[in-house]
Amino acid sequence: MGRVGLIMAVCLAKHGYEVTGIDPNTTLLEKLSHAQAPFYEPNLAEYLNAAMQSEKFVSTVDYAKNSQSDLTYIAVGTPSRADRSIDLGYVEEASRMIGRSLRDARQNQLVVMKSTVLPGTARNVVKPILENESGKTAGKGFSLCSNPEFLREGNAIHDAEFPDRIVIGSDDPSALDRLENVYRSFHGKSVPRIIKTSFENAELTKYANNAFLATKVSFINSIASIAERTAHADVKVIAESIGLDERIGPKFLNAGLGWGGSCFPKDLAALVSFSQSIGNDPELIRAVIATNRRQGEKAAELAKEALGELRGRQIAILGLSFKPETDDLRDAVSISIINKLLENGADLRVWDPRAMREAKHIFGDQIKYSANALNCIDQADCCILVTEWPEFKTIKPETFAKRMREPIVIDGRRIYDSREFQNAGIQFRAIGLGLWYEREQTGR
Ligand code: UGA
């Protein structure tokens, strides 16, 4: 019942399916039983409420309930191990428990692997465990498909209801047809293209998708670094211009402090580790990761350049979550930025519309937690915008100028108009903006 499973559960319930959510976390189940969303995601609270009201959704720790299902999704986490390779512990455990529940199942249940797993996992890990535990044979006693998920946090419900495409993998043609029919009935007229393929193609597609998106962001961030050292250059204009080339497209070209979250960092690392294990050095993917690491370091560097010494300076951080519209701090760039600034002796105050509770958990009393964005910038020597929450876009340059002790603003996500900020007397620096460099070089 995590960020994929619960979203699917409430969407399926909304479409009239009877859904049982299984999770070993009793605290989470307690929340669900009171229709409380365990994490923030737009519209989740409403969907969850509706699912509970309609009595189409129940949650339990009891895997035995699974024997009654026609269709079972495995949507457990696949975290990274210390060496960044993929940890399949939860997948194996879920497969074992599902396999056991299948012993008593009278129907041919369709088991669907949603969790992000490396090529070969459904065939070589999930299938044998299900067969051993159930005493049944895949394709006869039960069916198995891979079906990677492409939903984005912050847009998860929309993405679940209106996916760009659906990819289903299996070595069993009837399993592919069965899952295709489920989606045809779920999406009705808005059903997207459905690609039916091998387990391995479906599994690798998921990694390729995330790796390509991360590559696009790291690419534009590389151009941003060049623009920063080029007088009169601005990566925003360049991104807009290349985005109009239909072969490139405008999305995922927002330069900034880099990508984070629970997916890109983990999935790219797992892809590198997998690729190396089969004798192929994925040079490009390694460069994409290295570029991203470098990108996050720029926040502290820009602050240092603007302030000189960071020790004892009051720095305001606006935005902590790895992207807007989520409370998720997993692999958020804000964490490495805060750690770097703390190492340099800066005094930090932070504000995020959703991620404050999690931030307190991580940083304790090492930093100050503001009550709102304006309170955060009050009397600050420097403000670093880390996550582009919509509410930050409405803060006027004059407000920064009036409230801050030294009006130095570092726009880590390119949401502000540099000219307006400079005109308001603010020392404005931004990812991919060459102006500051020109000014420093020429002394103007
Ligand atoms: C990503 C994929 O977009 C989903 O398709 C996929 O299902 C999901 O991973 C997953 O594997 O579960 P998500 O991690 O929710 O979704 O977030 P994205 O919207 O992809 O953003 C990832 C990171 O890239 C964020 O830190 C964001 O700030 C950054 N980003 C994105 C940029 O810096 N610039 C951009 O132009 C776009």
Side-chain angles (χ1 to χ4, degrees), residues 2-8 39-42 75-80 86 114-118 147-160 162-167 202-224 235-236 238-240 242-243 248-271 288-289 291-296 298-299 319-337 352 355 385-389 411-415 431-432:
R3 289 188 186 253
V4 170
L6 181 57
I7 297 295
M8 295 195 54
F39 50 85
Y40 174 69
E41 181 65 42
V76 296
T78 48
S80 298
I86 189 168
K114 268 269 164 216
S115 305
T116 300
V117 288
L118 289 163
N147 173 215
E149 183 51 63
F150 301 102
L151 56 80
R152 296 161 291 175
E153 285 183 29
N155 286 286
I157 288 189
H158 173 270
D159 289 351
F162 302 99
D164 292 338
R165 71 332 203 162
I166 291 166
V167 181
E203 291 164 327
L204 193 49
T205 297
K206 168 72 191 193
Y207 285 92
N209 211 83
N210 276 355
F212 186 80
L213 292 169
T215 302
K216 233 179 152 184
V217 178
S218 279
F219 168 80
I220 201 65
N221 284 338
S222 296
I223 301 295
V235 74
K236 263 187 100 160
I238 299 161
E240 193 184 351
I242 64 171
I248 296 175
K251 294 183 181 162
F252 273 70
L253 286 179
N254 296 325
L257 288 168
W259 40 265
S262 66
C263 305
F264 285 6
K266 159 179 89 71
D267 291 352
L268 269 71
L271 186 58
V288 167
I289 296 169
T291 302
N292 195 55
R293 200 172 303 125
R294 174 82 199 86
Q295 205 59 21
K298 283 188 180 176
L320 300 170
S321 54
F322 82 96
K323 63 187 257 189
E325 303 301 342
T326 176
D327 53 2
D328 201 342
L329 276 178
R330 286 176 292 174
D331 267 318
V333 70
S334 62
I335 296 178
S336 56
I337 292 172
D352 185 285
L385 183 125
V386 177
T387 313
E388 67 278 31
W389 281 93
D411 183 354
R413 296 289 173 186
R414 298 308 310 272
I415 65 168
I431 295 295

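Atoms within a ligand are numbered from 1 in the order they appear, just like the ligands themselves.
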Side-chain donor/acceptor of Asp352 to backbone N/O of Leu320, under 3.5 Å
yes
From the options Leu151, Leu257, Val217, select the one whose nearest heavy atom is closest to atom 32 (C) of ligand 1.
Val217
Can you name the closest pair of heavy atoms from Ile220 and Ala239 and give their distance?
CD1-CB, 3.9 Å
Atom indices of ligand 1, in the order listed, that fall short of 4.0 Å to a heavy atom of Asp267
11 (O)
Contact (N/O only, under 3.5 Å) between Cys263 and ligand 1:
no
Against the six-membered ring of Phe322, is Arg330 placed for a cation-pi contact (under 6.0 Å from the centre, within 45° of the normal)?
no
Does any donor atom in the side chain of Thr78 or Lys266 lie under 3.5 Å from an acceptor atom in the other side chain?
yes
Is Gly260 near ligand 1, meaning one of its heavy atoms is under 4.0 Å from it?
yes
Which residue owns the protein heavy atom closest to atom 1 (C) of ligand 1, what's the atom, and how far is it?
Phe264 CE1, 3.5 Å
In the protein, what heavy atom is nearest to atom 2 (C) of ligand 1, and what distance, to one decimal place, separates them?
Asn210 OD1, 3.4 Å
Looking at Arg3 and Asp327, does any basic side-chain N land under 4.0 Å from a carboxylate oxygen?
yes
Any nitrogen or oxygen of Lys206, side chain or backbone, less than 3.5 Å from one on ligand 1?
yes
So does Gly154 get a backbone contact from the side chain of Lys323, meaning a donor-acceptor N/O pair under 3.5 Å?
no
Please determine if Asn209 has a nitrogen or oxygen closer than 3.5 Å to a nitrogen or oxygen of ligand 1.
no
If the cut-off is 4.0 Å to any non-hydrogen atom of Leu213, which atoms of ligand 1 fall inside it?
3 (O)
Would you call the rings of Phe264 and Trp259 parallel, tilted or perpendicular, where under 30° means parallel and over 60° means perpendicular?
perpendicular
among protein heavy atoms, the one nearest atom 18 (P) of ligand 1 is Lys323 NZ, 3.5 Å
Measure the distance from atom 31 (C) of ligand 1 to every protein heavy atom, then report the residue, atom name and distance (to 0.1 Å) of the closest one.
Phe252 CE2, 3.5 Å
In ligand 1, the atoms that come under 4.0 Å of a heavy atom of Trp259 are 23 (C), 24 (O), 26 (O), 29 (C)
for atom 15 (O) of ligand 1, nearest protein heavy atom and its distance come out as Glu153 N, 2.7 Å
Of all protein heavy atoms, the one nearest atom 28 (O) of ligand 1 is Phe322 O, 3.4 Å
N or O contact, Thr116 vs ligand 1, cut-off under 3.5 Å
no
Minimum heavy-atom separation for Arg413 and Val333, please, with both atom names.
NH2-CG1, 3.5 Å
Closest heavy-atom pair, Val4 versus Glu149, reported as atoms and distance to 0.1 Å, is CG1-CG, 3.9 Å
Identify which of Arg152, Glu149, Lys216 has a heavy atom lying nearest to atom 16 (O) of ligand 1.
Arg152
Residue, atom and distance of the protein heavy atom nearest atom 5 (O) of ligand 1 read Phe150 O, 2.7 Å
Ligand 1 atoms in contact with Arg413 (distance to a heavy atom under 4.0 Å):
28 (O), 33 (O)
Which heavy atom of the protein is the closest neighbour of atom 34 (N) of ligand 1, given with residue, atom name and distance?
Asn254 O, 2.9 Å
Nearest heavy atoms of Ser334 and Gly319, plus distance in Å
CB-O, 4.2 Å
List the atom of Ile415, the atom of Glu388, and the distance in Å for their closest heavy-atom pair.
CG2-CB, 3.4 Å
Does Thr215 offer a backbone N or O that forms a donor-acceptor pair with the side chain of Ser218 under 3.5 Å?
no
Which of the numbered atoms in ligand 1 are below 4.0 angstrom from a heavy atom of Leu253?
36 (O)
